[in-house]
J.: 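After the structure tokens below, expect a handful of questions from me.
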Amino acid sequence: MPDLIVAGNWKMNTTVAEAAVLAAGVRDGAAAVSGVELVLCPPFISLAAVSEAVKGSAVKVGAQNMHFQESGAYTGEVSPGMLQGLCDYVILGHSERRQMFAETDESVNSKIKAAQAAGLKPILCVGETLQEREAGKASDVISGQIRAGLEGNGNTTGLVVAYEPIWAIGTGQSATPETAVEIMGGAILETLRSLHGAAADGISLLYGGSMNAGNAGEYAAQACIHGGLVGGAALQADSFLQVAAAVAAAKA
Ligand code: 13P
């Protein structure tokens, strides 16, 4: 079975001081959750403080984005080399970056290769809009995003894929486990297998979109779901740890 992972995407929340407190809270409760890798993804400016706070524990750190170039005239951007030593994971292609910051499949593709070259584990995010779902295009959209994001890249090292239906993010309207399985065990796994053969079955697949302590277990009870990418419920140590505990219990 692929690694079980529960990652918290803090988005544009927490000051550096608040991030350190939240990270310490997760660190202090992490020992009670076994068998699940916990990943905290704070804003860039808090990566150092969070990585310091979790030092010596099993809790891992991730960035929320990254540029694919190593250096240069890219005002406001952060390179793979700058993240080395500060985090192990990097979220790439989140729908908020695709929708609000003109992230394209092509740039996501370059970023995944650059992350792997820097020894970072990319969390590739894919997801359809409500309009696409209602038009019956969800599976096609998702396979297209996976293919384009991974085209010309035979390397699955560290790769994690997160399915985050856009209509489920921050809305409280989580996808039913059946809907998640239809996409994750269907379009996502099939596309990964067609690209990577048997290696596809070693890739951790995370669900994201209004995941919380109450519904996490229902997702993790599905064979093709190996954890979650959590937004709102990751902003408090207790609720984040409860999500992780529910995932651990469902897989035990
Ligand atoms: P919510 O859990 O707040 O719906 O956010 C999900 C998400 O976008 C995680 O990346």
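Atoms within a ligand are numbered from 1 in the order they appear, just like the ligands themselves.
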J.: Taking N or O atoms only and a 3.5 Å limit, does Thr171 qualify as a polar contact for ligand 1?
T.: no
J.: Consider every N or O of Leu229 and every N or O of ligand 1, then say whether any pair is closer than 3.5 Å.
T.: no
J.: Nearest protein heavy-atom contact for atom 9 (C) of ligand 1: which residue, which atom, what distance?
T.: Glu164 OE2, 2.8 Å
J.: So, are Glu190 and Arg193 salt-bridged, with charged N and O less than 4.0 Å apart?
T.: no
J.: Which other residues belong to the hydrophobic cluster containing Ile5, where Ile, Leu, Val, Met, Phe, Trp and Tyr are joined when side-chain heavy atoms lie under 4.5 Å apart, directly or via other members?
T.: Val39, Tyr89, Ile91, Ile123, Val160, Leu206, Leu229
J.: Go through ligand 1 atom by atom and flag the ones less than 4.0 Å from a non-hydrogen atom of Ala168.
T.: 4 (O)
J.: Using a strict cut-off of 4.0 Å, indicate which atoms of ligand 1 neighbour a heavy atom of Gly209.
T.: 4 (O), 6 (C)
J.: Measure the CD-CE distance between Gln222 and Met184 for me, rounded to the nearest 0.5 Å.
T.: 9.5 Å
J.: When you check the gap from the basic side-chain N to the acidic O, do Glu128 and Lys137 get nearer than 4.0 Å?
T.: no
J.: Considering only protein heavy atoms, which is closest to atom 3 (O) of ligand 1, and at what distance to one decimal place?
T.: Gly232 N, 2.8 Å
J.: Looking only at side-chain N and O atoms, does Ser194 offer a donor or acceptor that is under 3.5 Å from a partner on Arg147?
T.: yes
J.: For atom 2 (O) of ligand 1, grab the closest protein heavy atom and report residue, atom and distance to one decimal in Å.
T.: Gly231 N, 2.9 Å
J.: Which protein non-hydrogen atom lies closest to atom 5 (O) of ligand 1, naming both residue and atom, and how far is it?
T.: Lys11 NZ, 3.3 Å
J.: Taking Gln145 for its side chain and Gly127 for its backbone only, find out whether a donor-acceptor pair lies under 3.5 Å.
T.: yes
J.: Using non-hydrogen atoms of the residue, decide whether Gly170 is closer than 4.0 angstrom to ligand 1.
T.: yes
J.: Please identify each residue that fulfils side-chain hydrogen bond (donor to acceptor under 3.5 Å, both in side chains) with Asn13, with sequence neighbours left out.
T.: none
